[in-house]
Amino acid sequence: MDALPAVNEHRGGTPDLAAFMDQVRRDVPAHCILTGADQTRAYECDGLPLYRELPRLVFLPENEAQVVAVLKACRDHRVPVVPRGAGTGLSGGAMPHAEGAVVSLAKLNRILRLDPRRCTAVVGPGVRNLAISEAAAAYGLYYAPDPSSQIACSIGGNVAENAGGVHCLKYGQTVHNVLRVRVVTIDGEIVELGSEAPDAPGLNLLQAFIGSEGMLGLATEVTVRLIPRPRSARVVMASFPSVELAGEAVTRIIADGIIPAGLELMDRRAVNMVEPFVHADYDLDAEAILLCESDGTPEEVAEEIVRVEALMREVGATRLQVSASEEERLKFWAGRKNAFPAAGRISPDFYCMDGTIPRRHLGAVLGEIADMERQFGMRCSNVFHAGDGNLHPLILYDANRPGEVERAEAFGAAILELCIRMGGTITGEHGVGIEKINQMCAQFTREELDAFSAVKRAFDPHGLLNPLKVIPTLARCAEHGKMHVHRGEMPFPDLPRF
Amino acid sequence: MDATLSNFSEQVARARATGRPLVVRGGGTRLFYGSPLPPEDSFDWLDMSGYSGVVHYEPTELVLTARAGTPLAEIETLLASRGQMLAFEPPRFGPADTFGGCVATGLSGPRRMASGPLSDFVLGCRLLNADGKVLHFGGEVMKNVAGYDVSRLLAGSLGALGPLLEISIKVAPRPRCEATCMLDLDEQSALAACLDWRAKPIPVSATAWMTDPNGAGGRLSVRLSGNESAVRDGMSAIGGERLAEADAGAFWRNLRDQTHDAFRARPLWRVTLPAGAPPLAQGTLLDEWGGSLRWLDGATDAAALRARVRAMGGFACLYRRDGIPDEVPTFDPLAPALLEIHQRLKREFDPDAIFNRGRTYPEF
Ligand SMILES: Cc1cc2nc3c(=O)[nH]c(=O)nc-3n(C[C@H](O)[C@H](O)[C@H](O)COP(=O)(O)OP(=O)(O)OC[C@H]3O[C@@H](n4cnc5c(N)ncnc54)[C@H](O)[C@@H]3O)c2cc1C
């Protein structure tokens, strides 16, 4: 690792686009190529509009052969290339490169095969997450990972980000539900990672590819695992007088051997933000609301709910409600699932963070975030995948007020660094993209970042795939003035560990 | 740096300086797995067994971190004391078996069909790199997408990219209730039944089909795990005869630890197939994971078996090679473009190829 340049990224200056286009046009029809700014503008950012760049070109291939042709031409002419799914990413991962091309996989949106007996579906990368479960519903099956963006986001984007959802505590993230990915490399080679048969030989490249943010190859086909839909599901909604107690309830539930289908926490600010929007009858006086879902056979669900309610009461829940119908279950979830649009209603702009922390530090972390609200002069509400420690603070700001964008970003950065100090991570499911690249310097040592570069080079020797994302350069880390914040040191070294 | 660690670093530096490769070992119980070891005088051992101990266990956050040399048995005992387990039920090859060996070989046991493979549970790790430095990837939290998932890349890597020093793993609560049913079925009917249950919400956590010693069609054992009512409902859906609890425990333990008679065959092939694959006919000793894992008697011609399995979309691993010449590869060959990526990864992580050279594929 040492002899090679630490970071591979495109440094070739302005590529010769005319020669490049001559080559591409041989294989890709004109209606799949966008060139003028009026056409490419729609691709200048993803779901994080803080970061924008106008691409030189956008390709919308209609089949895998065209993807191969575009990538080969990019390789031959050293044109940087940024893959794109539905553009709902929240870390600027699909932000274009100023000298490069965007390849949108949106047109590869066919469900190629759905096998209800083997419980698998083979889909194009542009297929929407929810479309898979909709197609599988007729067979009593579904695709488990359910990001809140599931009506819009693509499975290719889910693979690239290792997307999660409110049910991933029990059913796993994308990485646990994808069996195989077909990938086109920057050299235009097609490789199959993973397989429908267990334990494909060789290194575990499938799981290394999942979450690689479009930097190792383009997914052109994905095989997902489908699972039987549980016969019933119900949610307990509980109010707590403090977030610490709500966190304690989560601890007790898991200590009791229960892995709920969903376990989500909202703080008071988040509850008050969403209630006027969804009218879910949330308790506006609670400091925290916990939603705990059980699924399985009706009897199984009933038994689990009794235990969950008892544990919550023991810890000090002030109000408990169990969904009595499917309609009510969805109503309880509506607020949690609509936290973003609700934030968009009460504030001109909002910035969603995505750190993960060991759950035992929840109280301390939320306390510090409250202090930061004062320090940065901005409000922040918190929704939390409580079962797995994934925190989504929503920073509310107004981009039209001078200095607020910078302040919101500084607030976000401070939250991420707090997550690292607490033994957690800067991103649980939204990815690093361009947004969190500075915090990578804080979470990892130079040698660790070099190892990421090594993986990148093994797939993409010329550094053309989604360059400048995820792995910061040495210069960037020096400029950012941050060095590694020692995850190795536990925040409270004197406390007993178990 | 800890004295044991600096010792490892020195060994790595020496290996690179002299070009004499290292083979990583924990308890030495899993060395049979993988390509044959090089001649004994051509390498040095990098012995992880002294680097031992559970570093951190947080039952309510479902995570345990331990050093590579920690006996697997120690971890299992600790987890059991809090009603938890390793959900992928790794085989245990005796008291010397280590946690690092378990993760590096990536082998999962009977429950894998319900829980997912070992690699699904790896949350983080420390790796000793070719410069003798300790690198940390992932962490102790359930969800973490900062950087590439190097920890999962190393799970099952057989040490090809370097030795694992420490691993954080997600643990799971033990099921509240388990029951085993037995049905007299030939292989074809057993596979069809397993496929049928797969698409239904029945909590099947393990299956095992074997020929019947009495010469009849065969016997399928099915374990159900979950809460009491789910297991009860599952049993009535599946039918068959219930096996007494103590016998069931011993039966699944024998399968898990590969001490059952079926694992005595030499050579022994481990074949994995997509769900719903038909019987392989000759040589099948045992089908697990609803038919996705098949253990085969080695009388079969290696090339013919491989071709057949490949045509069915599966893989054939020469699991216990006793008697088969070293030239017969342990694992199916990789497609050229895929092999190229493997070779580049090896060169990047281990430029002088000092770690476990040739243990997976002769090319790296
Ligand atoms: C309202 C809202 C709610 C959200 N909720 C969640 C949530 O609950 N959980 C969650 O995990 N995320 C959530 N997200 C984030 C986002 O939806 C996910 O990251 C999603 O996986 C992105 O998919 P996409 O198709 O939009 O990808 P894009 O945004 O287009 O791309 C994301 C990344 O993937 C790469 N990429 C895309 N397609 C491919 C491909 N075929 N091959 C290789 N690389 C590719 C891109 O280069 C980019 O780096 C939310 C976003 C919004 C706007």
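In the text below, chain A, chain B and the rest are named by the order of the sequence lines, each starting its count at 1.
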Trainee: Check whether any side-chain heavy atom of B/L135 lies under 4.5 Å from a side-chain heavy atom of A/F444, and answer yes or no.
Mentor: no
Trainee: Check B/G313 against A/S195 and note the closest heavy-atom contact, atom names and distance.
Mentor: O-OG, 4.1 Å
Trainee: Tell me, for B/N144 versus chain A, whether the close heavy atoms (under 4.5 Å) come from the side chain, the backbone, both or neither.
Mentor: both
Trainee: Counting only heavy atoms closer than 4.5 Å, note whether A/E213 contacts chain B via side chain, backbone, both or neither.
Mentor: side chain
Trainee: Between the side chain of A/E448 and the main-chain N/O of B/H136, is any donor-acceptor distance below 3.5 Å?
Mentor: yes
Trainee: Is it the side chain or the backbone of A/P358 that comes within 4.5 Å of chain B heavy atoms, both, or neither?
Mentor: both
Trainee: Sort out for me which of A/I426, A/D187, A/D199 touches chain B most, counting heavy-atom pairs under 4.5 Å.
Mentor: A/D199
Trainee: Considering only heavy atoms and a distance below 4.5 Å, find which of B/S229, B/A160, B/P201 pairs most often with chain A.
Mentor: B/S229
Trainee: Under a plain distance cut-off of 3.5 Å, with no hydrogens placed, do A/E447 and B/N129 share a side-chain donor-acceptor pair?
Mentor: no
Trainee: For chain B, which candidate among A/G172, A/G164, A/G296, A/S212 shows the most heavy-atom pairs at distances under 4.5 Å?
Mentor: A/S212
Trainee: Do you know which of A/R225, A/E196, A/R252, A/E192 has the most heavy-atom pairs with chain B at a distance under 4.5 angstrom?
Mentor: A/E196
Trainee: Select one option (side chain, backbone, both, neither) describing which atoms of B/T360 are under 4.5 Å from chain A's heavy atoms.
Mentor: neither
Trainee: Of the backbone (N, CA, C, O) and the side chain (C-beta and beyond), which part of B/I202 lies under 4.5 Å from a heavy atom of chain A, both, or neither?
Mentor: neither
Trainee: Using atom types as modelled and distance alone, determine if a side-chain donor or acceptor of B/T272 lies under 3.5 Å from a backbone N or O of A/P198.
Mentor: yes
Trainee: Could you have a look at B/G83, B/P274, B/G290 and say which one has the most heavy-atom pairs with chain A under 4.5 angstrom?
Mentor: B/P274
Trainee: Is it the side chain or the backbone of A/E429 that comes within 4.5 Å of chain B heavy atoms, both, or neither?
Mentor: both
Trainee: So which of B/Q84, B/E228, B/R232, B/R176 has the largest heavy-atom pair count under 4.5 angstrom toward chain A?
Mentor: B/R176
Trainee: Indicate yes or no for a side-chain donor-acceptor contact from A/N204 to the backbone of B/R152 under 3.5 Å, with no hydrogens or angles considered.
Mentor: yes
Trainee: For a quick test of reading the model, state the closest non-hydrogen atom pair linking B/R344 to A/P461 and the distance between them.
Mentor: NH1-CG, 3.5 Å
Trainee: Where on B/L62 is there a heavy atom nearer than 4.5 Å to chain A: the side chain, the backbone, both, or neither?
Mentor: side chain
Trainee: Considering only heavy atoms and a distance below 4.5 Å, find which of B/R198, B/K170, B/M142 pairs most often with chain A.
Mentor: B/R198
Trainee: Mind ranking B/E340, B/R270, B/M113, B/Q343 by heavy-atom pairs under 4.5 Å with chain A and telling me who comes out on top?
Mentor: B/R270
Trainee: Side chain, backbone, both or neither: which part of B/Y361 has an atom under 4.5 Å from a heavy atom of chain A?
Mentor: side chain
Trainee: With chain B as the partner, which of A/E304, A/R359, A/Q439 has the greatest number of non-hydrogen pairs under 4.5 Å?
Mentor: A/R359
Trainee: Tell me, do B/V141 and A/I357 make a side-chain contact under 4.5 Å, heavy atoms counted?
Mentor: no
Trainee: Working to the nearest 0.5 angstrom, can you tell me the gap between B/D196 CG and A/R117 CZ?
Mentor: 6.5 Å
Trainee: Roughly how far, to the nearest 0.5 Å, is CD of A/Q173 from NZ of B/K143?
Mentor: 6.0 Å
Trainee: Less than 4.5 Å to any heavy atom of chain B: does that hold for the side chain of A/R307, its backbone, both, or neither?
Mentor: side chain
Trainee: Contact part of A/D115 toward chain B, heavy-atom cut-off under 4.5 Å: side chain, backbone, both or neither?
Mentor: neither
Trainee: Mind checking the CG-CZ spacing from B/D149 to A/F209? Nearest 0.5 Å is all I need.
Mentor: 13.5 Å
Trainee: What part of A/R229 lies closer than 4.5 angstrom to a heavy atom of chain B: side chain, backbone, both or neither?
Mentor: backbone
Trainee: Tell me if a side-chain donor or acceptor on A/T251 pairs with a main-chain N or O of B/T60 at a distance below 3.5 Å.
Mentor: no
Trainee: Between A/E300 and B/N227 (side chain of the first, backbone of the second, donor and acceptor by atom type, cut-off under 3.5 Å), is there such a pair?
Mentor: no
Trainee: Chain A contacts: which residues in residues 329-336 of chain B have a non-hydrogen atom closer than 4.5 Å to it?
Mentor: B/F331, B/D332, B/L334
Trainee: Considering only heavy atoms and a distance below 4.5 Å, find which of A/E303, A/E161, A/E189, A/R231 pairs most often with chain B.
Mentor: A/E303
Trainee: Does A/R446 pair with B/D131 as a salt bridge, N-O distance under 4.0 Å?
Mentor: no
Trainee: What part of A/V175 gets within 4.5 angstrom of chain B, counting heavy atoms only: side chain, backbone, both, or neither?
Mentor: both
Trainee: Does any backbone or side-chain atom of A/L203 lie under 4.5 Å from a heavy atom of chain B? Answer side chain, backbone, both or neither.
Mentor: both
Trainee: At a heavy-atom separation under 4.5 Å, does A/Q207 approach chain B through its side chain, its backbone, both, or neither?
Mentor: both
Trainee: Quick one: which of B/V145, B/I341, B/V271 has the most heavy-atom pairs under 4.5 Å with chain A, could you say?
Mentor: B/V145
Trainee: Does any backbone or side-chain atom of A/N390 lie under 4.5 Å from a heavy atom of chain B? Answer side chain, backbone, both or neither.
Mentor: side chain
Trainee: When rounded to the nearest 0.5 angstrom, what distance separates CG in A/L205 from NE2 in B/H342?
Mentor: 4.5 Å
Trainee: Where does B/R174 contact chain A at under 4.5 Å (heavy atoms): side chain, backbone, both or neither?
Mentor: neither
Trainee: Do the side chain of B/E140 and the main chain of A/G423 share a donor and acceptor less than 3.5 angstrom apart?
Mentor: no
Trainee: Find the distance between OH (B/Y148) and CE (A/M215) and round it off to the nearest 0.5 Å.
Mentor: 3.5 Å
Trainee: By a 4.5 Å heavy-atom criterion (distance strictly below it), what part of A/L216 contacts chain B: side chain, backbone, both, or neither?
Mentor: side chain
Trainee: Let me know if A/H385 has heavy atoms under 4.5 Å from chain B in its side chain, its backbone, both or neither.
Mentor: side chain
Trainee: Can you say whether A/A302 sits under 4.5 Å from chain B via the side chain, the backbone, both, or neither, judging by heavy atoms?
Mentor: neither
Trainee: For chain B, which candidate among A/G202, A/G211, A/P116 shows the most heavy-atom pairs at distances under 4.5 Å?
Mentor: A/G202
Trainee: Dump the intermediate steps for side-chain contact (heavy atoms from CB on, under 4.5 Å) on B/F349 and A/V455, then the final yes or no.
Mentor: CA-CA 8 Å; B/F349 276 81; A/V455 174; 3.8 Å; yes
Trainee: If every non-hydrogen atom of A/R118 is compared with every non-hydrogen atom of B/A275, which pair is closest and at what distance?
Mentor: NE-O, 2.7 Å
Trainee: Roughly how far, to the nearest 0.5 Å, is NE2 of A/H176 from OG of B/S119?
Mentor: 8.0 Å
